[in-house]
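What follows is one structure encoded as C-alpha cells, with my remarks underneath.
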Amino acid sequence: MTTPESGAPIDFIRNIINEDNRTGKHGGRVHTRFPPEPNGYLHIGHAKSICLNFGIAAEYGGLCNLRFDDTNPTKEEEEYVESIIEDVRWLGLDWEDRLFYASDYFDQMHDYAVQLIQAGKAYVDDLSAEEIRKHRGTLIDRGRESIYRNRPVEENLDLFARMRAGEFKDGSRVLRAKIDMTSPNLNMRDPVMYRILHAEHHRTGNKWCIYPMYDWAHGLEDSIEGITHSICTLEFEDHRPLYDWFLDELGVYHPQQIEFARLNLSYTVMSKRKLLQLVEQGYVNGWDDPRMPTISGLRRRGYTPESIRNFCSRIGVAKTDSTIDVALLEHCIREDLNRHAPRVMGVLRPLHVIIDNYPEGQTEEVDAVNNPEDPDMGTRKVHFSRVLYIERDDFREDPPKQFFRLAPGREVRLRYAYFITCVEVVKDERTDEVVELHCTYDPETRGGSAPDGRKVKGTIHWVSAAHAIEAEVRLYDRLFTAENPGDVREGGDFERSLNPDSLETVRGYLEPSLAGAAPGSRYQFERLGYFCIDSRDSSPERLVFNRTATLRDSWAKIESKL
Ligand code: ATP
Ligand code: MG
C-alpha cells in the first residue's frame, strides 16, 4: 500500500492515517505540526521530524503548522525563533499562514486549568519540588498523596488566582492534576501543570508569572489548532496516557499522539543541550559551524535542502531506536553534488611545475567539461601556460608500484591539456624537500590524447600559476572520532572523543573562473572533493571555501556489499 498522492512506501504512521481516513476518524482531515522549542538551533534530527510532518501533510492534501512551543521563558530566545524560521524555510517547507506560538494560548490554557480545578481534577500543592519528588515514589514504590491534595475547590481557585497574580515566590506552590498517586505510570502520579516563575517571556513579557508544563500544554496546543495526528518521538510514549487524560477530562477536541524513533547518527551528538555545550565551550565557532549537525551548519558546509530531504526519506520512520551511519548522510550530498555541482580545478598543496619547452610569455586556453554527468552544463576555457601548480601528492620521486602519477622520467596527462614528462627534480639543498619540477610537454597531445595512440596511466589536475586565484580553504572532517560520542564504552564524556583534526586550513590556488562566485556556490574540485563558498566569511577580496565532503564514498562501498 502507498499514500494517496506520492506513492511513497508505507510506514506505520501512514498506515495509521490510511486507517483513520478509511474509518473517517478525523473526517478525512490530515493536519500535523512541527513544534520546536526555541531553545537552540535545529539539527538534522529535527529535519527528520520536519520532513515527516510536512511530508505527510503534503501527501494527504492536508496541512502542517509551524508552532513554537515556547512555554519555558528562561531558556528561550528570539535568535532561536528566527533561526528556526529560516531553517524550515530553507529546507523548502511551507507553513503558509500557520505560524503559531504556544504562548498565544496562555490565556486559554489558564481557563482550561480553572475548569479542571472546578471539576475537582486539579489542586494547588504547597509542597516543595524536593518533597514532591520524594512523594512521587519509584517504579517499585507507589507514590504518596500530598497533604494538600484534598483542598476544597474554592480554596484551590483562590490560591491559583493568587499564584497568577504574583503573590507567591518561585517554587513555593504548583498546580497539579489530581489523577492517581498509585499509578504504575509515574507520569500519571499527579503531574505538575503550572509552576511559579517570575521571569520575562520573549513574547508575553511580564504578563505571566506562572508557566504551563510541557505535558499540560502540548495536548492543548494540538487541540486548539485542530491537529489530527500529533507526531512526536518515542520518549513521549509513556506520556500519552497523560496527553489523553487532560483532553478527555476537559472534553475538548482530541488529536491522536503517535510516537516514532528519533534520529541518531554515528560520530555525531544531537541533543540541543550538548550542541549548546559545544558552542559555549568554544569547541566550534557557533551554532552554524560547518562541523555542527545543525541545519545551519550543514547549509554552511554546502549541503543542499534536496540532499537533506532525500536523506530523511531514505532513513524512513520506525518504532524502535537505532543509529544511522553518518556515511549515508554524506552519501546523499555527494550524490546530489556529483550530478549538479560544476567541476573546477584547484590545487590545495601546490608544487611548482615548469614546462621547459613551452614558450615563455605564451598563454592559451583549453576546453574543460563542466560536468560529465550533465552535458547540458557545457564547457569552459581554462588558461594554460609555462608555469603551473600541481598537487604535491601527485608527484613521487620514488614511486611505489601502484602509483601512476608523476615521477622522474614518467609521462602523465594534465587534465584537458597535454601530456607532460618529468625531466628534472629541484630540491632544497638543506631540507631535501622537492621545491620544483621541470617537465617537457608534447604539443601533439593537446586535449589529452596522443595522435600516435600511446597511453599514459595517470591524469592529474593543475592550475596555471600566473592565472590562479588564491583562496582560504577549510578542510573539514567529522567532529568526533568515536562512533558513539559520549557513550560509556567510549569514556562517557563526549568531549574526549572530539577529533583534533576536524579542521585544517590551507591556502588554495584555483582556476580564475571562480573569481566573483557567489557565497554558497558549490563545486567539485576535480579529484579532491566538494567545496562550497562560505556564506559568512567569504568576500570578493578574500575567498573562503569549505570542504563539504571528500570524494571517497564509504556508504557506496557498504551498499555495494549489501
Ligand atoms: P533535543 O532532544 O535535541 O534537545 P527536543 O526534542 O528537545 O530536541 P524540540 O524543539 O522539542 O527539541 O523538538 C521539536 C520536534 O522535533 C519534536 O517533535 C521532537 O520530537 C522532534 N525531534 C527532536 N529531535 C529529534 C530527532 N533526533 N529525531 C527526530 N525528531 C526529533
Ligand atoms: Mg523538547
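When a ligand or atom number is given, it counts from 1 through the structure's own listing order. Only a predicted model underlies this, so the values are computations on that prediction, with no experimental measurement involved. Hydrogens, waters and symmetry mates play no part in the numbers below; they use all other heavy atoms, side chains included.
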query: Can an N or O of P36 be found at a distance shorter than 3.5 Å from an N or O of ligand 1?
result: no
query: Should we count CZ of R552 as having more than 12 external heavy atoms under 6.0 Å?
result: no
query: R273 to ligand 1: N or O pair under 3.5 Å?
result: no
query: Closer than 4.0 angstrom: is that true for some heavy atom of F236 and an atom of ligand 1?
result: no
message: Check this for me: R142, atom CZ, are more than 12 non-hydrogen atoms of other residues, nucleotides or ligands nearer than 6.0 Å?
response: no
Mutual orientation of the aromatic rings belonging to Y243 and H254 [parallel < 30°, tilted 30-60°, perpendicular > 60°]: tilted
field: Lys/Arg-Asp/Glu bridge criterion (N-O < 4.0 Å) met for R14, E59
entry: yes
query: When the ring planes of Y253 and H26 are compared, do they come out parallel, tilted or perpendicular, using 30° and 60° as the limits?
result: perpendicular
The one among H43, E235, H46, K272 that brings a heavy atom closest to atom 22 (N) of ligand 1: H46
statement: Filtering P35, G40, G45 for the heavy atom nearest atom 18 (O) of ligand 1 leaves P35
Parallel, tilted or perpendicular, as decided by the 30° and 60° cut-offs, for the rings of H331 and W555: tilted
message: Angle between ring planes, Y101 versus F68, binned at 30° and 60°: parallel, tilted or perpendicular?
response: parallel
- prompt: Does A261, backbone or side chain, put an N or O under 3.5 Å from an N or O of ligand 1?
  reply: no
statement: Nearest heavy atom to atom 28 (N) of ligand 1, choosing from L275, L276, V317, L263, belongs to L263
- request: Provide the number and element of each atom of ligand 1 under 4.0 Å from a heavy atom of F34.
  value: 14 (C), 15 (C), 16 (O)
- prompt: Among R262, K274, R67, E259, which one has a heavy atom closest to atom 2 (O) of ligand 1?
  reply: R262
task: For atom NZ of K75, decide whether the heavy atoms of other residues, nucleotides or ligands shown that lie under 6.0 angstrom number more than 12.
output: no
message: Taking distance alone, with N or O pairs closer than 3.5 Å, would you say R33 contacts ligand 1?
response: no
field: Result of checking R33, R29, R67 against E225 for salt bridge (charged side-chain N to carboxylate O under 4.0 Å, His left out)
entry: R67
statement: Under 4.0 Å from one or more heavy atoms of M270, ligand 1 contributes atoms 3 (O)
task: Just jot down the ligand 1 atoms closer than 4.0 angstrom to any heavy atom of T233, in number order.
output: 20 (O), 29 (C), 30 (N), 31 (C)
- prompt: For ligand 1, which atoms sit closer than 4.0 Å to a heavy atom of F260?
  reply: 29 (C), 30 (N)
